[in-house]
**Student:** 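A single structure is presented below for examination.
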Amino acid sequence: MSINIPVRTLRIRYTGIGDYNGLLTMIRTWIVDQGYEFQETVNKWNDEIGGHEHELTWIGSKNWTEYCKYHIKLVFHTWQIRDVESVENGEKVQKQHFKLQVDIGGSFELDYKNRYEKTRWLRSLRDFYNNYIAFKKITGEWYDTLYFTNYKLHRLIKEKLGMETITDASRIRVT
Amino acid sequence: MSEREILVDKRRMTYEGLFSVADLYSLIDEYFEEKGYDKHEKKNIERVTPNGKDIEIEVEPWKKITDYAQSIIRVRILMTGIKEVEVEKDGVKIKLNQGKVQLIFDAIFETDYEHRWEAKPVFHFVRTIVDRYLYKTYTNQYKGEVMNDFNMLVYQIKAFLNLYRH
């Protein structure tokens, strides 16, 4: 079996008015534009009295190298979604009021093609490679690339929601 | 498990009045980036209420000092009743925020964060002896580095908030 290494999860919570559908479209487009293969594993919609409840899980996967594969995982949970009319630049716009929680996480998979699975000797070789030869590459380069890519998405979501804290000093770490 | 020593426990700073939320956040973010910390924004919560915005942010950046020791500075920022106001300064109108902000800081010194010295009880014992007696001067030096980073951050935030007092 391949080895899965999770990255730290980032959480955003927002209560207020925003363009909910626009947000989801923007995130989906971003995942696809970055070259990730898009999957929707959970999509639950409940009609409640105070507004709708929506649960979504999205996974974006991308082969980073022949040995390493990235998975970005987004878990959305939204409550009390209801349509409201908002005025922007003197024009009436249809928006939504909602309570949103997004967890941005993911993992990277080593030996995703299971090339080192065939014999015990190869498995030991893989462990040696991961723990000694490529240790710095895995913990530094590959981990950081995925982690700071998640921060790019984190910042985009904050921007789209019009949150106050949209700067990101680490933006230069991933091109 | 790695060993965590809390050097600063829940030191608080409170400010009420005019300031810029984006600039305060940016200051903290840039500070950690400059000091070589890896960013970790655990939580970012924003609620829009009739009395203004309530914002809660928790960042826990870490910096590897060596392969064995790392520094963690946790900052929790709680802002309540944040409203946007327009202020005239030197004849120029600028947008600022008004509200209450509380900052809670923790500084942590963590050893054996790669969990390499915990496989056997003997390893754990050796690690403790080395930490306490043989490497004591190095350990104290690293703790000093954590405290320096922490004090500098507090100083910069204080200076930043004092700018708006006058």
Side-chain angles (χ1 to χ4, degrees), chain A residues 5 7-18 77 79-80 84 86 95-105 130-132 135-136 138-141 143-174, chain B residues 19-64 67 70 72 75-84 95-99 101 113-116 119:
Chain A
I5 300 170
V7 293
R8 297 184 190 213
T9 305
L10 316 168
R11 174 168 285 181
I12 295 175
R13 275 193 204 158
Y14 175 80
T15 308
I17 294 168
H77 198 165
W79 303 264
Q80 298 175 10
V84 288
S86 161
K95 289 214 166 173
Q96 290 80 36
H97 180 279
F98 52 85
K99 277 185 176 179
L100 166 78
Q101 176 176 299
V102 195
D103 285 331
I104 308 165
N130 290 342
N131 295 330
Y132 299 98
F135 185 74
K136 291 285 174 198
I138 293 167
T139 55
E141 193 186 319
Y143 184 98
D144 279 9
T145 308
L146 180 59
Y147 187 60
F148 290 108
T149 301
N150 280 356
Y151 266 112
K152 280 172 96 175
L153 183 57
H154 186 255
R155 188 166 62 102
L156 283 174
I157 294 172
K158 289 198 286 187
E159 265 178 22
K160 184 75 183 174
L161 291 170
M163 290 171 83
E164 296 284 341
T165 52
I166 50 167
T167 55
D168 180 13
S170 61
R171 66 197 173 278
I172 40 164
R173 295 218 195 178
V174 186
Chain B
F19 70 106
S20 164
V21 174
D23 287 351
L24 175 66
Y25 175 80
S26 188
L27 170 92
I28 296 169
D29 200 26
E30 299 273 351
Y31 175 82
F32 284 123
E33 180 71 18
E34 211 173 86
K35 288 276 174 188
Y37 280 77
D38 272 338
K39 187 175 175 163
H40 186 208
E41 191 171 311
K42 281 175 90 175
K43 262 194 252 173
N44 194 324
I45 303 170
E46 208 167 300
R47 273 183 300 271
V48 185
T49 68
N51 302 323
K53 281 184 179 176
D54 290 347
I55 303 166
E56 186 185 340
I57 301 162
E58 186 176 334
V59 290
E60 198 181 287
W62 77 96
K63 180 166 85 173
K64 291 178 182 176
D67 281 349
Q70 73 175 1
I72 300 167
V75 187
R76 270 171 285 172
I77 314 166
L78 309 167
M79 294 184 253
T80 46
I82 301 294
K83 288 174 189 159
E84 206 169 81
K95 277 184 182 172
L96 285 176
N97 301 103
Q98 187 166 29
V101 57
Y113 59 86
E114 284 178 353
H115 313 287
R116 290 182 177 225

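Lettering of chains follows the sequences in order, A, B, ..., and the numbering in each one begins at 1.
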**Student:** Should A:Glu164 and B:Tyr25 count as side-chain neighbours, where that means a heavy-atom distance under 4.5 Å?
**Tutor:** no
**Student:** For residues B:His40 and A:Tyr151, report the shortest heavy-atom separation together with the two atoms involved.
**Tutor:** CA-OH, 3.0 Å
**Student:** Given a strict heavy-atom distance threshold of 4.5 Å, which part of B:Lys39 is in contact with chain A: side chain, backbone, both, or neither?
**Tutor:**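 It is both, since atoms from each part get that close.
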**Student:** Heavy-atom distances under 4.5 Å only: say whether B:Leu24 touches chain A with side chain, backbone, both or neither.
**Tutor:**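 Neither part, no heavy atoms under 4.5 Å.
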**Student:** Just jot down the side chain to side chain contact (heavy atoms under 4.5 Å, CB included) partners of A:Asn130, sequence neighbours excluded, or say none.
**Tutor:** A:Ile3, A:Tyr67, A:Leu110, A:Arg126, A:Ile138
**Student:** Do B:Asn44 and A:Arg13 come close enough that some side-chain heavy atom pair is under 4.5 Å?
**Tutor:** no
**Student:** Using the test side-chain hydrogen bond (donor to acceptor under 3.5 Å, both in side chains), find all partners of A:Lys136 that sit at least two apart in sequence or belong to another chain.
**Tutor:**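 In terms of side-chain hydrogen bond (donor to acceptor under 3.5 Å, both in side chains), with neighbours along the sequence ignored, A:Lys136 is linked to B:Asp67.
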**Student:** What residue in A:Leu161, A:Ile166, A:Leu100, A:Thr165 has the most heavy-atom pairs under 4.5 Å with chain B?
**Tutor:**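 Ranked by contacts with chain B, first place is A:Thr165.
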**Student:** If I measure from the heavy atoms of chain B, does A:His97 come under 4.5 Å with its side chain, its backbone, both, or neither?
**Tutor:**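 Neither part, no heavy atoms under 4.5 Å.
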**Student:** More than 12 non-hydrogen atoms from neighbouring residues, nucleotides or ligands closer than 6.0 Å to NZ on A:Lys95, yes or no?
**Tutor:** yes
**Student:** Using non-hydrogen atoms and a 4.5 Å limit, figure out which bit of B:Asp38 sits close to chain A: side chain, backbone, both or neither.
**Tutor:** both
**Student:** Heavy-atom pairs under 4.5 Å with chain A are the metric here; pick the option from B:Arg47, B:Met79, B:Lys64, B:Glu84 that has the most.
**Tutor:** B:Arg47
**Student:** Could you give the distance from OG1 (A:Thr9) to NZ (B:Lys42), rounded to the nearest 0.5 Å?
**Tutor:** 11.0 Å
**Student:** How many angstroms lie between atom OH of A:Tyr14 and atom NZ of B:Lys53, to the nearest 0.5 angstrom?
**Tutor:**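 With rounding to 0.5 Å, OH (A:Tyr14) is 6.0 Å from NZ (B:Lys53).
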**Student:** Side chains of B:Val48 and A:Ile17: closer than 4.5 Å at any heavy-atom pair?
**Tutor:**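 Of all side-chain heavy-atom pairs linking A:Ile17 with B:Val48, none is under 4.5 Å.
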**Student:** Side chains of B:Glu41 and A:Lys158: does their closest heavy-atom pair fall under 4.5 Å?
**Tutor:** yes
